[in-house]
There are 2 protein chains.
Amino acid sequence: MRLLLVEDDEILGDGLVAGLKMEGYAVDWLTNGKLADEALKINSYELIVLDLNLPDMDGMDILRALRARKDETPVMVLTAKDTVPDRVLGLDSGADDFVIKPFELDEVCARLRALARRNEGRSVPHIEHKGIILEPASHQITYHGEKVELSQKEFEILSFLMSNIGRVVSRARLEESLYSWNSDIESNTVEVHIHYLRKKLEPSLIRTVRGVGYIIDNDDDA
Amino acid sequence: MRLLLVEDDEILGDGLVAGLKMEGYAVDWLTNGKLADEALKINSYELIVLDLNLPDMDGMDILRALRARKDETPVMVLTAKDTVPDRVLGLDSGADDFVIKPFELDEVCARLRALARRNEGRSVPHIEHKGIILEPASHQITYHGEKVELSQKEFEILSFLMSNIGRVVSRARLEESLYSWNSDIESNTVEVHIHYLRKKLEPSLIRTVRGVGYIIDNDDDA
DNA sequence: TTTAATTTTAATGCGTTGTTAATTAAGGAT
DNA sequence: ATCCTTAATTAACAACGCATTAAAATTAAA
């Protein structure tokens, strides 16, 4: 699950990154407001953690710009107690949650889980297709009524494919959804995980579109 | 997917072309602003990557002229950090995204994908004609209800012809859509693929217009 | 620390695909 | 009718993309 952290404080940022990675997030950490603004135009994060107090650009501007682009990604705002204008705490700010510094890492994580859950809950209760039931909330898969144990990466790949049923998903796009920008995957990791998925489920479930990507088809034949 | 790169720096351009081709784009590279302006009046691209700092013509003028012609092609602008007038960063410039030099090739590619995605997301209509159903999203062809397996090049050629039903498409134009300008195809590749298409579908489907090109006719006779 | 599980890397093999090139057929022009 | 040009057909070959496997590296768990 991809997460963007915008935090200029080195020490705090470092700790957050470590903690969030431990929670299983693929974290991109930016210390620069303008870069963050740019990064968000790519729009491929599931969560954003945003410090309002940045040196080069007001965090609120980033948030405003984000919402102006109709980007609904859940945003958690970090602020120091005395720098929060009251209006910010209102609903119109566009943020989904606030944490006041100093805070406990555990609390942030719990709130993030809640955010993610709430966000999934709206749009994707569970996806069902060809005998597969995928429940994002519990992170579990059922295939023809039987539980199937998937590793994290396998789950993420399947999720991505299943939320794009009928559309070809390029390998690059899959990689984007699994990793953060700068992490270089120069090998065939995705292929390998696809292979494991086919093994655990049905080989014909995921169709290869040579030179293009992978797809889970709509139709019932294969 | 055709992409126009306008970049005067030889070294940078060379690298970009290589990288973009690797991503599967058919890249046309122009180092000259005026030529680019002309090219954009004639050709149509799915993406444009534009360096603002050109020797003979301001990149912004190209962009302005493009938008003045109601051309909505997504444009990614490349700029050096200190040469970006602030106004350029505003929404009114007409660009869809910016990248500040120096940049990572990976980032540019990721952003381009995002641009293309945003742009195409609206409508991916399937084309239907004479019993053939072509679905770009799933990359599949049906002929009289039966699935037909096509290779990538075959698929691309058929796509191009089917989105130009009733119009003759010259071989040069087909080659352009499959390859970039300067990539040399000195043989009859297109003919060969046309041949395979006719074999897999109906020989009479694609009519040869001698000395001109190929066409899929409107009418029901052949 | 040891063990197990997960993830990544790397190497291999195979089938598909794109391209080339040579030959045959067809269409126009003289 | 013949010649010349253009297109169709076929086969051969090289290159590529993907699947698969095993092993290494990393991470989590005991």
Original post:
CD of E149(B) versus C1' of dT17(C): gap in Å, rounded?
Top reply: 13 Å

**OP:** Among L197(B), I194(B), V168(B), find the residue that satisfies the side chain to side chain contact (heavy atoms under 4.5 Å, CB included) test when tested with Y214(B).
**Re:** I194(B)

Subject >> Ionic contact status for R111(A) with E107(A), cut-off 4.0 Å >> reply: yes

Original post:
Atom CD of E175(B) to atom P of dA7(D): distance rounded to whole Å?
Top reply: 12 Å

**OP:** Please list every stem that involves DNA chain C, where a stem is a run of 3 or more consecutive Watson-Crick or G-U wobble pairs with both pairing distances under 3.5 Å.
**Re:** C:1-30 with D:1-30

**OP:** Starting from the C-alpha separation in whole Å, work towards a yes-or-no answer on side-chain hydrogen bond (donor to acceptor under 3.5 Å, both in side chains) for T208(B) and R198(B).
**Re:** CA-CA 11 Å; T208(B) 306; R198(B) 284 174 171 157; 2.7 Å; yes

Please tabulate, one pair per line, each protein N/O and nucleotide N/O from nucleotides 12-19 of chain D that are separated by under 3.5 Å, including the distance.
residue : atom : partner : partner atom : Å
dC16(D) : O2   : R210(A) : NH2          : 3.4
dG17(D) : O4'  : R210(A) : NH2          : 3.3
dC18(D) : OP1  : R171(A) : NH2          : 3.3
dC18(D) : OP1  : G211(A) : N            : 2.9
dC18(D) : OP2  : R171(A) : NH2          : 2.4
dA19(D) : OP1  : R198(A) : NH1          : 2.5
dA19(D) : OP1  : R198(A) : NH2          : 3.3
dA19(D) : OP1  : T208(A) : OG1          : 2.7
dA19(D) : OP2  : Y214(A) : OH           : 2.7

Original post:
Using a cut-off of 4.0 Å on non-hydrogen atoms, how would the nucleic acid contact of Q152(B) be classed: base, sugar-phosphate, or nothing?
Top reply: sugar-phosphate

Original post:
Does a salt bridge link K130(B) with E202(B), judged by any charged N lying under 4.0 Å from a carboxylate O?
Top reply: no

Original post:
Expressed in angstrom and rounded to an integer, what is the separation of E154(A) atom CD from dT8(C) atom C1'?
Top reply: 13 Å

**OP:** Return no unless some side-chain N or O of K199(A) is found under 4.0 Å from OP1 or OP2 of dT20(D).
**Re:** no

**OP:** Just do the salt bridge (Lys or Arg N to Asp or Glu O under 4.0 Å) check on E156(A) and K153(A) with the steps written out, would you?
**Re:** CA-CA 5 Å; E156(A) 289 189 47; K153(A) 293 278 138 118; 5.7 Å; no

Subject >> Backbone of S151(A) reached by a side-chain donor or acceptor of E154(A) within 3.5 Å >> reply: yes

Original post:
Phosphate oxygens OP1/OP2 of dT8(C): is one of them under 4.0 Å from a side-chain N or O of H193(A)?
Top reply: yes

Original post:
Distance check: side-chain N/O of S151(B) vs OP1/OP2 of dT17(C), anything under 4.0 Å?
Top reply: no

Subject >> SB check E191(B) R171(B) (cutoff 4.0 Å) >> reply: yes

Original post:
When the distance from CG of L158(B) to P of dT17(C) is rounded to whole Å, what number comes out?
Top reply: 15 Å

**OP:** Send over the distance from Y179(A) OH to dT6(C) C1', rounded to a whole Å.
**Re:** 11 Å

Subject >> Partner of L134(A) by side chain to side chain contact (heavy atoms under 4.5 Å, CB included), out of H129(A), Q140(A), M162(A) >> reply: M162(A)

**OP:** Would you kindly give the NZ-to-P distance between K153(A) and dA5(C), to the nearest whole Å?
**Re:** 19 Å

Original post:
Can you tell me how far C1' of dT6(C) sits from CG of L150(A), to the nearest Å?
Top reply: 13 Å

Subject >> Residue pairs fulfilling ring pair (Phe, Tyr, Trp, His ring centres under 6.0 Å) with at least one residue in residues 13-37 of chain A, sequence neighbours excluded >> reply: none

